[in-house]
Amino acid sequence: MKLIPYLNFAGNTEEALNFYQKVFEGTVSDVNRFGEMLPAEANYQDKIMHARLAFGDNMLMFSDGMPGQPVDHGNGIYLSIGLDDEAKARSIFDQLGEGGNITMPLEKQFWGALFGQVKDKYGISWMINCEVGS
C-alpha cells in the first residue's frame, strides 16, 4: 500500500507542476487535459485534468479540479519530506519558500533533526525533516 497525495489547484496546475518538477528533480507523466478527455468549457480546454510527478520512490498527482469547484487548501494537511542530506533539505526548503511563507525556519531541533515548515506560493504546506545526526 502507498499513499499518493493528489493536489488540486485553481487553474494554475501546469505552473505548479513545473515548479515542483524542478524542486524535486522529478519526472512528469500522464498529463491529460480536460479538452482531450471530455467536453469542457472553452477556458478549461487546456487545463490539466490529471498529471503525475514521480521523484525517488514518491509520487504526487495534480489537477486543476473540476470547473466551478473552488480550491481551498486549508490548514489541516502538511506534506512532509524526510531527507538525510542537509544540502538537499536546504535547497528544497529554500525553493519552496520562494514567494511563499516560511512558518518555521529550517533549524536544528531538540530531536536532533533539521526541521522547518513552509507554505509555498501555491498555498501548499510543507514540513522538511532532515536527520543529520549529532
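Hydrophobic cluster membership differs between Phe110 and Ile128, with clusters built from Ile, Leu, Val, Met, Phe, Trp and Tyr side chains linked at under 4.5 angstrom. When the side chains of ILVMFWY residues are joined at heavy-atom separations under 4.5 Å, either directly or via intervening members, Ile102 and Leu96 end up in a single hydrophobic cluster. Transitive grouping of hydrophobic side chains (ILVMFWY, heavy atoms separated by less than 4.5 Å) keeps Met66 and Tyr6 in distinct clusters. Hydrophobic clustering (side-chain heavy atoms under 4.5 Å, transitive across Ile, Leu, Val, Met, Phe, Trp, Tyr) keeps Tyr78 apart from Phe55. Follow the hydrophobic side-chain contacts under 4.5 Å out from Val28 and you reach Ile92 in the same cluster.
For the atom pair CG (Asp46) and CD (Glu36), the distance works out to 8.5 Å, reported to the nearest 0.5 Å. Atom OG in Ser80 sits 9.0 Å away from atom CD in Gln117 (nearest 0.5 Å). Atoms CE and OG1, from Met59 and Thr27 in turn, are 10.5 Å apart once rounded to the nearest 0.5 Å. Interatomic distance, Asn32 CG to Phe62 CZ, rounded to the nearest 0.5 Å: 14.0 Å. Of the inter-residue distances, the one linking Asp64 atom CG with Thr13 atom OG1 reads 3.0 Å to the nearest 0.5 angstrom. Separating the CZ atom in Arg90 from the SG atom in Cys130 is a distance of 8.5 Å, to the nearest 0.5 Å.
With Gln21 contributing its side chain and Gly26 its backbone, the two residues share a donor-acceptor pair below 3.5 Å. Asp94 places no side-chain N or O within donor-acceptor distance of the main-chain N or O of Ser91, the cut-off being under 3.5 Å. With hydrogens and angles ignored, the 3.5 Å screen pairs no side-chain donor or acceptor of Tyr122 with any backbone N or O of Gly100. At distances below 3.5 Å, not a single donor-acceptor pair connects side-chain atoms of Asn12 with backbone N or O atoms of Glu15. Remark: the backbone N or O of Thr103 is not paired with any side-chain donor or acceptor of Asn101 at under 3.5 angstrom.
Looking at Leu79 and Leu60, their side chains come closer than 4.5 Å, going by heavy atoms from C-beta outward. For the pair Phe115/Glu107, no side-chain contact is recorded, criterion being any heavy-atom separation below 4.5 Å from C-beta on. Within the 4.5 Å cutoff, the side chain of Leu114 has heavy atoms near those of the Glu86 side chain.
Counting non-hydrogen atoms of neighbouring residues, nucleotides and ligands closer than 6.0 angstrom, the CG atom of Asp84 reaches no more than 12 such neighbours. The environment of Ile4 atom CD1 is dense: over 12 non-hydrogen atoms of other residues, nucleotides or ligands sit within 6.0 angstrom.
For Leu3 against Pro5, the heavy-atom pair with the smallest separation is O-CD, 3.8 Å. A pairwise comparison of heavy atoms in Gly116 and Phe93 identifies C-CE1, 3.6 Å as the closest pair. When every heavy atom of Met49 is checked against every heavy atom of Ser63, the shortest pair comes out as O-OG, 2.9 Å. Closest approach of Phe9 to Ile124, counting heavy atoms only: CE2-CG1, 4.0 Å. Annotation for Asn8 and His73: closest pair O-NE2, 2.8 Å, computed over non-hydrogen atoms. Here the shortest heavy-atom pairing between Ala51 and Val31 reads CB-CG2, 4.0 Å.
Under a cutoff of 6.0 Å and an axis angle of 45°, Lys121 and Phe19 form a cation-pi pair.
A salt bridge links Glu14 with Arg33: at least one charged nitrogen is closer than 4.0 Å to a carboxylate oxygen. The pair Asp30-Arg52 meets the salt-bridge criterion, with a side-chain N (NZ, NE, NH1 or NH2) lying under 4.0 Å from an Asp/Glu carboxylate O.
In this structure, the ring of Trp126 has its center less than 6.0 angstrom from the ring center of Phe24.
Of the N and O atoms on the side chains of Asn129 and Glu131, at least one donor lies less than 3.5 Å from an acceptor on the other residue.
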